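Please read the structure below before turning to the comments.
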Amino acid sequence: MVSKERAGAGSAAEPTDQLALRRANLSRTLRHIRTNGPRSRAAIASATGLHKATVSSLVDELLARRLVREIGVEHSGSAGRPGRGIALSPDVGAIGIEINVDYLAVHGSDLTGRTVIEKRVSFDAKRRDVERCLDDLTVAAQRSLAELTRRGVTPVGLTVAVPGLVDVARGVVVLAPNLGWRDVPVATRLAHGLAPDLWIGVDNDANLAALAEYTWGVAAGTDDLVYLTGEVGVGGGVIVNGRLLRGADGFSGEVGHLPVEPGGDRCGCGRVGCWETKVGLAELVRRATPDAAYGLEQGPIPDPEERVAEVVRRLAAGDRGVAEAVAEVGKWLGHGGAILVNLFNPRVIVLGGYFAELADHLIPSAQANLARLAVASTAARCHFVASHLGFTAAARGGAGVVVERMIEDPTAVALTAPPPLAGVR
Ligand SMILES: [Zn+2]
């Protein structure tokens, strides 16, 4: 493998396998730095088994693409002279934007994983048609990208998180019941309003949040976990053996539409008795604070956190009716959780969105019902845990997907300096 290495950024004349090898080695170098922290060229060469001259050339190219930077002198152990440390660069980054029924969430981070932008704004998808939503999404994307740039981070790409079925390869939202979207070409539509070289992805919100949870969350590194979005809709991101489960068409994880109550309430998807009609935020609010239920708003739609804060206030005030309503939602959370345990045997079920904010009140009844209904019950040792990532977990995962793509293929990031000389080893 080493004998086939050639330096250089590549030209049309180079055989494809050499370009692929170069790309793989750039990725390997970048990944090594991400996993192990700043390293000298010599240390990278020694750890990866690549020639020192090859590593120098690879690092030159990564510098030219602004994916790494040189920092102070790094001692690489007893052997050899100390060299300059090569660290991931904070100069390039990515944006994730989540569009949901009642908010837009934005997360911007750089290659090092540092959070640069984190915000959420109220948004009323129900009162906007698809075109208007896409216009607003485009404006939010433009502003976020500009803000990232203003903060000294060049955005390479953006991922939109959507609560629904997404054809990831085409960037099309096939169906998002709670937004009322069907076959919406989000990536193509956004591309019209954004820089032509920007990479634009679209993915399911729960899948992105599950990836964020697996990477940075409270159960990070847990190879079998389920993440549940706690919004008006409820979606699941399922990690099995360290990998996101997507299914044959990429539509797995629609756990909010598990039928749990024959003859129950009508769901946003048109079916009856779906799980989210028992545990979604709209149902919690309807049960706990009926005077503030969804659909009753006269003026601007309240932020979901305001609605949850009101429930928390009434719980703190000792309102028994509210406590019973929350416990009932918790019981249904355990009911669906048991189905997930029977299917996937996860070690943890991570509760996102509003579930996390009410976790102390929801988990006792949820855990009890899960133990009662899951076949493996206590033997499965599955616990509900509250996410720390808050309402921006999906957006964070969206930015993370772009960063992962940069690391997988560093040549997708434009050169800003002349490439290293071809043929130099
Ligand atoms: Zn449904």
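In this text the structure is predicted, and so the values were computed from the model without any measurement. Each ligand, and each atom within it, is numbered from 1 in the order the structure gives.
Screening residues 321-340 for ring-ring contact (aromatic ring centres under 6.0 Å, His included), with sequence neighbours left out, gives Trp332-His335.
With Arg189 as the fixed residue, the salt bridge (Lys or Arg N to Asp or Glu O under 4.0 Å) test singles out one of Asp135, Asp183, Asp136: Asp135.
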| query | When you look at Glu213 and Ser387, which way does the side chain to side chain donor-acceptor pair (under 3.5 Å) test go after all the steps? | reply | CA-CA 8 Å; Glu213 215 47 72; Ser387 167; 2.9 Å; yes
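Salt bridge Asp110/Arg151: absent, no basic N to carboxylate O contact under 4.0 Å.
Within 6.0 Å of CZ in Arg243 there are 12 or fewer heavy atoms belonging to other residues, nucleotides or ligands.
In this structure, Arg128 is positioned above the aromatic face of Phe123, its NZ or CZ under 6.0 Å from the six-membered ring centre and within 45° of the axis.
Each protein N/O/S atom under 2.8 Å from the Zn ion (ligand 1) was counted, for a total of 4.
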